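To keep things clear, I will list the structure first and then write my remarks on it.
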2 protein chains.
Amino acid sequence: MDLDTVRTFVAAAEAGQFQEAAAELAVTQQAVSKRIAALERDLGVRLFTRTPRGAELTIDGQAFLPHARELLRAAERAVASVRTGRRPLRVDVIASRGAATGLMRGFHRSHPEIDLDVVMLFDIETAVSALRSGAIDASFRAVAAPGRPLPEDIDFVRVLDEPLQLLTGPGHALASARSVTVAQLVGHRIWMPGIVPGTEWAAYYDDLVAEFGLTIEATGPNFGSDVLIDTVADTPALATFMSEQTRLVWPAGHGLRRIPVTDPTPVYPHSLLWHRDNPHPALPTLRAHLATTGTGHDAPGTWTPDWVLPR
Amino acid sequence: MDLDTVRTFVAAAEAGQFQEAAAELAVTQQAVSKRIAALERDLGVRLFTRTPRGAELTIDGQAFLPHARELLRAAERAVASVRTGRRPLRVDVIASRGAATGLMRGFHRSHPEIDLDVVMLFDIETAVSALRSGAIDASFRAVAAPGRPLPEDIDFVRVLDEPLQLLTGPGHALASARSVTVAQLVGHRIWMPGIVPGTEWAAYYDDLVAEFGLTIEATGPNFGSDVLIDTVADTPALATFMSEQTRLVWPAGHGLRRIPVTDPTPVYPHSLLWHRDNPHPALPTLRAHLATTGTGHDAPGTWTPDWVLPR
DNA sequence: CTACGGATACAACCGCTGGTTGTGACGGGG
DNA sequence: CCCCGTCACAACCAGCGGTTGTATCCGTAG
C-alpha cells in the first residue's frame with residue numbers, strides 16, 4: 001500500500017468527487033480513478049459508489065476513512081521526528097531498566113502536547129558529542145565518568161537518586177531479611193548481566209566493588225530481564241541489583257524478594273545534561289518539570305561514587 | 001513515502017544488517033540498499049551508519065524507528081478495518097449530536113481490547129439492509145419508523161431513552177424558567193436545522209408537532225452546531241432542542257440556558273439493532289454491556305411516538 | 001603480509017507500475 | 001431531448017524499482 005494512494009482516498013472522500021480531488025493533488029482525474037481502483041483491488045472491497053455527480057463512500061469506505069487519516073498523521077509524525085528544526089524533543093535515556101524512562105513518562109503525562117522521542121545511546125561520551133552536534137536535546141546520565149571532565153558548553157542538574165534494591169529468589173540466604181546492609185552482601189554473588197564495560201554503569205559497579213568488597217559478576221551475555229529474573233528466582237546462590245522503581249511484570253508465586261539495602265543505600269545518580277545553546281523550546285519545560293518532581297540527592301545514608309559531580 | 005520502504009527500514013534495523021533484512025523480505029541486498037538510500041534522501045538524514053559488519057542505526061534512525069513501527073501498525077489496522085471476517089465491530093450511530101456515540105465511548109472504555117469502527121448511515125432502511133448484508137454489525141436507531149415493520153431476522157433492544165432539553169439564549173422569553181412544560185412551548189419557534197426529511201429524527205419531530213402543536217422549523221441547511229448555538233444565543237425568538245447528554249463546548253459567558261422539559265418529557269428512544277445470525281464475537285459483549293448500562297425506558301412522565309416498538 | 005569472507009555501494013539493464021492524453025458511457029437538469 | 005459534468009477504459013510512454021554483476025572496504029586467519 002502506498003501513502004500517496006491513501007492521501008488520494010482521503011482527498012476524494014473529502015471532496016465527494018474524483019475530479020476535485022485530482023485538482024487538489026495536481027494530477028488528472030484519470031490518475032485518481034486508477035489509484036482508487038488499485039486501492040479497492042488491494043483491499044478487496046469497494047470504497048466508493050460512483051454516481052454521475054461524483055463518488056460517495058460505501059460503508060467500508062466510511063470505516064476505512066478514519067484509519068486512513070490516522071495513517072497519514074502517523075506518516076506526518078514519522079517525518080517530523082527527523083526533520084531538522086522544530087522536531088520533537090529528543091532525549092537520550094540510559095540503556096537499562098532505569099528511572100529515566102519513568103521520569104520521561106511523568107513528563108509526558110503532565111505535558112502531553114510536547115512531542116517526544118526517546119533514544120538510547122551507548123555511553124556518556126556519545127551522548128555529549130550528540131548533545132554538542134544537536135542530534136539530541138537532552139540526556140539522562142550519571143555525571144561524569146571518572147577522569148573525563150564535562151565540557152564547558154554542557155550544562156547539567158542532578159534530578160534523581162535511584163536507590164538499588166536486592167532481588168533474590170525464595171531460596172536465597174538473605175531471602176527472609178527485611179533489609180540488608182552492604183556489609184552483609186560481602187561474599188554473596190551478585191549477577192548483573194548486560195553491563196557493558198566502558199559505560200557509566202560499569203564504572204558505578206566497579207566503584208561499588210572497590211569500596212565495599214562486593215562480588216559483582218557484570219559479565220556474560222544479556223538475554224533480557226526475563227532470563228535474568230528467571231535465573232535469580234531459581235538459583236539460591238544468585239542475587240541481583242534492581243532499581244526500587246522498576247515495575248516487575250512477573251507471574252506471582254515465583255517467590256521473588258525485593259530487599260532494601262542500607263548502611264549505606266547505593267543510589268544511582270541521574271543527571272539531566274543539555275547543551276548550553278540548545279534552542280529547543282521544550283527544553284526549558286523539561287528542566288522546569290524535573291526541578292519540581294526531582295527528589296533531593298546525596299541524602300544521608302546513601303552512597304554514590306566519588307567521581308559523581310555534586311551539582 | 002512508501003510503506004514497503006518503511007517495512008524495509010524496520011527489518012534492516014531489527015536485523016542490524018541489510019543482507020539479512022533482504023533475505024527476510026525476499027529481495028536482494030542491493031534492493032534493500034537502494035530503498036534505504038532513497039528513504040534517507042527523502043528524509044534528508046542518514047538513518048544507518050554502514051560498517052563492514054552490517055549497518056547500525058544513527059541517532060536519527062533510532063528516533064525514526066518507533067514512528068516507523070507505529071506507521072506499519074496503523075497500516076495494519078487500516079487494512080483490518082475492511083477485511084471480511086474478523087474485522088473490527090462495525091457500529092452505525094445516528095448522525096446527530098446523539099447519545100449513541102456516548103454509549104459507544106462507554107463501551108470502548110470498559111472494553112478497550114475490542115476494535116471498533118463507527119459509521120453513520122442515512123436512515124433506518126439503509127441500516128437494516130446493511131445489517132442484513134453484514135456490512136455493519138449493529139446499529140443505534142429509533143425502532144421503527146411508522147408503517148415500516150422491522151424484518152424478522154433483525155433483533156433489537158431498547159437501550160436508552162434520551163431526554164430532550166430546551167436550549168435558549170439569555171434573551172429568550174423562557175430563559176429564566178427552571179423548567180418548562182410542553183404546553184408552554186406552544187407558539188415558540190424551535191429551530192432544528194439539519195433534520196433530513198425521511199429519517200427517524202424527522203418522523204420523531206413530526207410526531208411531536210402533531211401531538212402537542214409545537215412550532216418546529218426543521219428546515220434550512222445545517223451549518224454545524226457552532227452556527228446553530230451561536231444563532232440561538234443571539235436570537236431571543238429562537239430556541240432549539242438538545243440532548244441532556246450533549247456536552248457543549250462553548251465559551252462561557254454566552255448566557256446559554258439548558259431548560260428541562262416536562263409534562264411530558266420528550267425522550268428519544270435509542271435501540272440497538274443487529275442481525276439474528278451475525279457471528280461477530282464482540283456483538284454479544286456489546287449487548288451485555290448495554291444491558292448493564294442501559295437505563296430504563298418508557299418511564300412515567302416521558303413521551304415517545306406511538307410507532308416506537310416497546311421492547 | 002596476504003588471502004579470504006562477509007558486508008555495502010555502484011553500474012548497467014529491463015520489466016512493469018503509474019502517469020498522461022484521448023475517448024466513451026452514464027445520468028440529471030434545463 | 002440535448003448538453004454538461006462525472007467516472008471508466010484504452011493506448012502510450014517515462015521512470016521507478018527490481019535484478020545481476022562487480023568494486024570496495026575491513027577484520028581475521030594463515
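This is a predicted model, so every value here is computed, not measured. Order of the sequence lines fixes the chain letters, A, B, ..., with proteins taken first and strands second; residue numbering starts at 1 for each chain.
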(request) State whether a side-chain donor-acceptor pair under 3.5 Å links A:T58 with A:R46. (result) no
(request) Check A:Y204, A:F241, A:F140 against A:Y268 for a ring-ring contact (aromatic ring centres under 6.0 Å, His included) and give me the one that passes. (result) A:Y204
(message) Is it the case that the side chain of A:H280 and the backbone of A:R87 share a donor-acceptor pair, with hydrogens and angles ignored and the cut-off at 3.5 Å?
(response) yes
(message) Mind checking if A:V27 touches a base, just sugar-phosphate, or nothing, with heavy atoms under 4.0 Å?
(response) sugar-phosphate
(message) Whether B:D4 and B:R35 form a salt bridge (side-chain N of Lys/Arg under 4.0 Å from carboxylate O of Asp/Glu) is what I want to check.
(response) no
(message) Side chains of A:V82 and B:H67, heavy atoms from C-beta outward: is any pair under 4.5 Å?
(response) no
(message) At 4.0 Å (heavy atoms only), tell me whether A:Q17 reaches a base, stays on the sugar-phosphate, or touches nothing.
(response) sugar-phosphate
(message) Regarding A:E14 and A:R69, does a basic nitrogen lie under 4.0 Å from an acidic carboxylate oxygen?
(response) yes
(request) Whole angstrom is fine here: how far is it from CG in B:L25 over to C1' in D:dT19? (result) 16 Å
(request) Could you tell me whether B:E70 and B:R77 have a side-chain N and a carboxylate O separated by less than 4.0 Å? (result) yes
Tabulated below should be each protein N or O lying under 3.5 Å from an N or O of nucleotides 20-28 of chain D; please produce it.
unit_1: D:dG21; atom_1: O6; unit_2: B:Q30; atom_2: NE2; d: 2.6

(request) Measure from CZ on B:F18 to P on C:dT8 and round the result to the nearest Å. (result) 6 Å
(message) Can you measure A:R50 atom CZ to C:dG24 atom C1' for me and round it to whole angstrom units?
(response) 17 Å
(message) Expressed as a whole number of angstroms, how long is the span from B:E56:CD to C:dA7:C1'?
(response) 13 Å
(message) Does anything in residues 33-40 of chain B come within less than 4.0 Å of DNA chain D? Heavy atoms only, and list the residues if so.
(response) B:K34, B:R35
(message) Tell me the interatomic distance from A:L3, atom CG, to D:dC16, atom P, rounded to whole angstroms.
(response) 18 Å
(request) Using atom types as modelled and distance alone, determine if a side-chain donor or acceptor of B:R90 lies under 3.5 Å from a backbone N or O of B:S81. (result) yes
